[in-house]
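These notes concern the structure reproduced below.
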Amino acid sequence: MLEPRYDHQKTEERIYKLWEKSGYFNPDRLPPVGANLRESKRESTRKNISINQPVNQHKSAFTIIMPPPNANGSLHIGHAVFVTLQDIMTRFARMRGKKALWLPGADHAGFETWVVFDKKLEKEGRNKYEIDREQLFKEIWDFTQNNKKTMEDQLRRLGASCDWSREKFTLDSDIVKIVYETFEKLYKDGLIYRGERIVNWCPKHQTSLSDIENQFREQEDPFYYLKYGPFTIATARPETKFGDKYVVMHPDDKRYKEYAQGQKIEVEWINGTITATIVKDKAIDMKFGTGVMTITPWHDATDFEIAERHKLEKEQIIDFRGKLLPVAGEFAGMHIKNARLLIIEKLVSKGLLVKTDEHYKHSVRVCYKCNTAIEPQIKSQWFIRMTAEPHAQNQKSPPAPMLRRAGKIKNQNGGKSLRDLGVEAVKSKKIKLIPRRTEKTFFNWMKNLRDWNISRQITWGIRIPAWYCITCGKTAVNPKIKANWFLIRHGETDWNKEGRTQGQADVPLNGEGRQQAKKAAETLKHRGIDLIISSDLGRCRETAEIIREATGAEVIFDKNLRERHLGITQGMARDDRNAMYGDILYTHEGKPPGGESFKELEERVWESFKHHKKSHHHKNILIVTHGGPIRTIIKNIKKWTIEEMLERDAIENAKIVELTISDPCSTCGGDLYEQDPDVFDTWFSSGQWPFATLMATSDKRQATRKNGFKTFYPTDVMETGYDILFLWVARMIMLGLYRTGEVPFKTVYLHGLVLDKDRQKMSKSKGNVIDPLGVAELYGADALRMALVAGNTAGRDIVISEEKIRGYRNFATKIWNIARFVQLHKPAELRGLHADQRGKNISVNPRLRQASDGQVRSNQRKSALSQEDRKNIEQVRKIKAKVATHIEKFEFHLAAETVYHYIWHTLADKIIEDAKARLNSADENDREAAYQTLETLLLESLKMLHPFMPFVTEEIYRKFEPEKMLMVEKW
RNA sequence: GGGCGAUUAGCUCAGCGGCAGAGCACUUCGUUUACACCGAAGGGGUCGUAGGUUCAAAUCCUACAUCGCCCACCA
């Protein structure tokens, strides 16, 4: 008997476990159609099934790839929206007999996680720049893995019927491999290039960002009109103006027709007289200001493009931390914030400031995460070419130099650009966006696409698979890596600390040195070191020993890797040594009394290195040695002169230098490479998510998985928030089409943001955040799901309030009580019988069920049903069909409201009320018919409510059909 | 500057050519016998404004007003 009140807290977890245990989340393990039996019963009934049923009737697949939540926090209410909508579609498809796959995952979320983790470090009083790259990566890895685990549990709490056996993380090695292949293919097709181009630099996070990772902030700044020779130019950023030596005007501007392109004039400028060159360019707006401007190509995108067009020189004025470079003269080294007013003062004193507009309003690009003003910089970065002709949409932009070889470009798409591929897929309706109006937004954005910078200067992410030949700099994309070699200097000694010359003196590590070695060992632990080759001097030997303990690699010693012998200077304080022997020490061939020359060291060490490389080139080797030998090795690889080498900073204690060995470089024959230090923009990897996940789920254990991609791709629906239409959806469309030749999904359903009942965006600072798990705890996941669906259309923001959720909790109780009522009125002769027995003995119920499915109607015991009964059964059939149509048309709100209305205001308020008298009737036949009708209506209602409120419906269904699972019942 | 959207009951929103709808809130009444997380009845709207198309407009078209979102290299 059902409890008087439905207790979601006791039920939901139990039901979820039941589903998960059944294995039916995995479409490969769905029961044959019509053979819906619980796990425990399966074996015993298998024979029966095979006689009557074909083994698998699940012909077509239905696939949704879950937008992988960022593994840097826990789920918020926005996640609950996607869980609800996607679960509705998946459960509906499953009940419709499809091989329904909802593939879950999590995103490492490169920059976003980096920002979150950075804040965490700040709180802990740590600085990310002082943490070793490998160490930092590992910490963030652990952080994301923990979050991921939490999120998985949360998804379960919300009832997500996704196939956990296929779950993927964006950093899984099989995913990374696929991402690398895409990168390589793009490179070979000429759609990806590395170039010195202007990028959006966030000075706080010290990385470049793509164009869409910026926001615009309106602000008011003083606007300075400056005298520049015969012209007046205006700027809001005087601190960039030091190097301005081009003055640009529109070619048609009559005011300046006396000036010719290329003409040179002398002008008095901030730090003295400079020679300015006249440039005529149509990018100038004649109506703005004086119609003349000077340009700063290094720090402004427009200026950069003008400079590219006219092949002008570019000079960096501001460094990557926002400080002025030597070109700024007396202001060099100052932060631009502090320098600005001082520069203005100087301009005033030189009589160069014409006037100031104090209230100039303009929008400034800011980092979308930290709101710091973006500082455009020129940097060598990887870009994806989005358009057929570089910047063709914009006559102001010429082809970037690196793209001049346009003629060579070829790819399988008949030379179509990524943009064209995407636009055509949507235009031709191969991909449909819901709501339809977002297609306009999509086209509008695609029209103005610019090349996409995918390099990020952060640690957290997928390292770009580009290696550069250390000797000549040639690029090798995704090369076959034979081995990784590491050079490490020993840890600190007391002599290091005191600045005493060590040479070959046998000095032990100090405490700090041992700590450094341990830290390095931690880092190297995961790098698969096969062999450690160490200098035999104590400080190296100890370092090697510490690393051996962590990595388990064997250690061999090599005297030839010792530090340079410094003869009588060994033990001397550095200053004294340099005073006495500096002239000799810092030349190639000079040597101190009793010591070695640099040349001798170099010959000894380089011979040794070459020897080891020859014998161990296929192994991962760690060489533990000293500062001198490491610099020597690098000098020889890079073919530096001794002067070039001496210019470089000394190697720090326990500093690791990484070298990759691959096939010899086709240009110089060298086989040592260093990897690009940058990682991918997260969206480059998540843009490949639909095909990457399916390609990667070819599990060795299950033969059926091998065709995972073939069966489930293209996927059916991509359901996500409209806020990432450009960031993610557009990229998936383009990369999916490019890589697989097919659309990644047929329909895109975009939902809105979740707002509170006052239409406010939820934010932690406003304190109006609704925690979906808290709500699920309080009112049940079913109630939350219903509240998120009802009354909301695609693409519109979703307003949710506690009252609304409470309303649907009441609904769960309502249907529970309907079930109680029905159960309570079960005629005595039907009570205590199991469902299948009942079927055999009485066979009323199955017949009714058939009728409700609109199938053949049996004449057997027809008289038992009243006219009204038949009408009611016909009605529920119609309602169910209507609900199905709504779901198929992605009108989830209408589907939900239809079910709600039927159950509450038709089934409960009318049908049940009308049935009360008959259920107490003296006529046994009538009583039975009334009951059977009600039970049928209830079970049909449960079916159509199930995708929306899976827990309570499953729980009730089990009370009536203990052998069956509603989740896989036929709709 | 360009694009997209919204304006319907007190609130949140559906409806998008055929008698103005839902949930919540409100009013009145009811309830021993599935449910007060309930039931019955009810009040409440010139569908932003002004034109137009149509037999018929909340719905289609055109302006306007107000609000919101997205995109954008006027120095």
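Note on naming: letters A, B, ... go to the chains in the order of the sequence lines (proteins, then strands), and numbering restarts at 1 for each one.
Counting non-hydrogen atoms under 4.0 angstrom, A/Gly780 reaches nothing in the nucleic acid. The residue A/Arg806 sits apart from the nucleic acid: no heavy atom pair falls under 4.0 Å. Within 4.0 Å (heavy atoms only), A/Tyr6 reaches no atom of the nucleic acid at all. Residue contacts shown for A/Ala908 include a base, since a base heavy atom lies under 4.0 Å away. Residue contacts for A/Asp300: at a heavy-atom cut-off of 4.0 Å it reaches no nucleic acid atom on any strand shown. Nucleic acid contact for A/Lys916: base, since at least one base atom lies under 4.0 Å from a heavy atom of the residue. Contacts of A/Ile284 with the nucleic acid, taken as non-hydrogen atoms under 4.0 Å apart, include base atoms. Counting non-hydrogen atoms under 4.0 angstrom, A/Tyr228 reaches nothing in the nucleic acid. Using a 4.0 Å heavy-atom criterion, one finds that A/His299 contacts no nucleic acid atom at all.
For B/G68 and B/U28, the C1' atoms lie 40 Å apart once the distance is rounded to whole Å. A distance of about 31 Å separates the C1' atoms of B/A58 and B/C71, rounded to the whole Å. Rounded to whole Å, the C1' atom of B/G43 lies 7 Å from the corresponding atom of B/U27. For the C1' atom pair drawn from B/C13 and B/G18, the interatomic distance equals 23 Å after rounding to whole Å. B/C70 sits 39 Å from B/C38 when the P atoms are compared, rounded to a whole Å. The P atoms of B/G39 and B/U32 are separated by 16 Å, rounded to the nearest whole Å. Distance noted for atom P between B/C55 and B/U49: 25 Å (whole Å). Rounded to whole Å, the separation between the C1' atoms of B/U54 and B/G17 comes to 9 Å.
Residue side chain A/Lys814 reaches the base of B/C35 through a donor-acceptor N/O pair under 3.5 Å, judged by distance alone. For B/A34, the base has a donor-acceptor partner in the side chain of A/Glu913 [N/O atoms by modelled type, under 3.5 angstrom].
Look at CG on A/Asp303: it is 7 Å from C1' on B/A75, rounded to the nearest Å. We find that CG of A/Asn810 is positioned 16 Å from C1' of B/A22, with the value rounded to whole Å. The separation between A/Ile233 atom CD1 and B/A75 atom P is 13 Å, rounded to whole Å. The CZ atom of A/Arg436 sits 16 Å away from the P atom of B/C4 (whole-angstrom rounding). A/Lys447 has its NZ atom 13 Å from the C1' atom of B/C70, to the nearest Å. Between the CG atom of A/Asn920 and the C1' atom of B/A34 there is a distance of 13 Å, rounded to whole Å. The separation between A/Leu727 atom CG and B/C71 atom P is 9 Å, rounded to whole Å. We find that CD of A/Glu3 is positioned 16 Å from C1' of B/C37, with the value rounded to whole Å.
When distances are taken from the side chain of A/Arg5 to each of B/A34, B/C37, B/A75, the shortest belongs to B/C37. Listed nucleotides: B/C37, B/G39, B/A75. Nearest to the side chain of A/Trp904: B/G39. Closest to the side chain of A/Asp285, from the set B/A22, B/G5, B/C74, is B/C74. Comparing B/G39, B/C37, B/C4 by their closest approach to the side chain of A/Asp909 singles out B/G39.
With a cut-off of 3.5 Å on both pairing distances, the Watson-Crick or G-U wobble partner of B/C38 is B/G30. Base pairing of B/U66 is made with B/A6, judged by Watson-Crick or G-U wobble geometry with both donor-acceptor distances under 3.5 Å. Pair assignment for B/C11: B/G23, on the basis of Watson-Crick or G-U wobble contacts that are both within less than 3.5 Å. B/C60 is paired with B/G52 under the criterion used here, namely a Watson-Crick or G-U wobble arrangement in which both key atom distances are under 3.5 Å. Across all strands shown, B/G17 forms no Watson-Crick or G-U wobble pair with both distances under 3.5 Å.
Residues A/Lys369 and A/Glu213 are not paired through a salt bridge, judged by the lack of any N-O separation under 4.0 Å between the basic side chain and the carboxylate. Between A/Glu305 and A/Arg450 there is a salt bridge, with a side-chain nitrogen of the basic residue lying less than 4.0 Å from a carboxylate oxygen of the acidic one. Using a 4.0 Å cut-off between charged side-chain N and carboxylate O, A/Lys361 and A/Glu218 make no salt bridge. Under 4.0 Å is where a charged nitrogen must lie from a carboxylate oxygen, and between A/Glu313 and A/Lys245 at least one such pair does.
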Taking protein heavy atoms under 4.0 Å as touching, what does nucleotides 6-15 of chain B look like 5' to 3' if B marks base contact, S marks sugar-phosphate-only contact and - marks none?
-> S-----SSSS
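Put simply, the side chain of A/Asn200 never gets that close to the backbone of A/Ser208: no donor and acceptor are under 3.5 Å apart. For the pair A/Glu439 (side chain) and A/Lys432 (backbone), a donor-acceptor distance under 3.5 Å is absent.
Between A/His310 and A/Tyr246 there is no side-chain heavy-atom pair separated by less than 4.5 Å. Using a 4.5 Å cut-off on side-chain heavy atoms (C-beta onward), A/Phe442 and A/Val729 make no contact. Taking the side chain as every heavy atom from C-beta outward, A/Tyr224 and A/Leu352 never approach each other to under 4.5 Å.
For A/Phe231 and A/Tyr259, the gap between ring centers is short of 6.0 Å.
Not counting sequence neighbours, the partners of A/Glu375 by the side chain to side chain donor-acceptor pair (under 3.5 Å) test are A/Arg237.
Nearest-nucleotide mapping onto RNA chain B: of A/Tyr808 and A/Ile818, the residue sitting toward the 5' end is A/Tyr808. Mapped onto RNA chain B by nearest heavy atom, A/Lys910 and A/Thr438 fall at different nucleotides, with A/Thr438 at the one closer to the 5' end.
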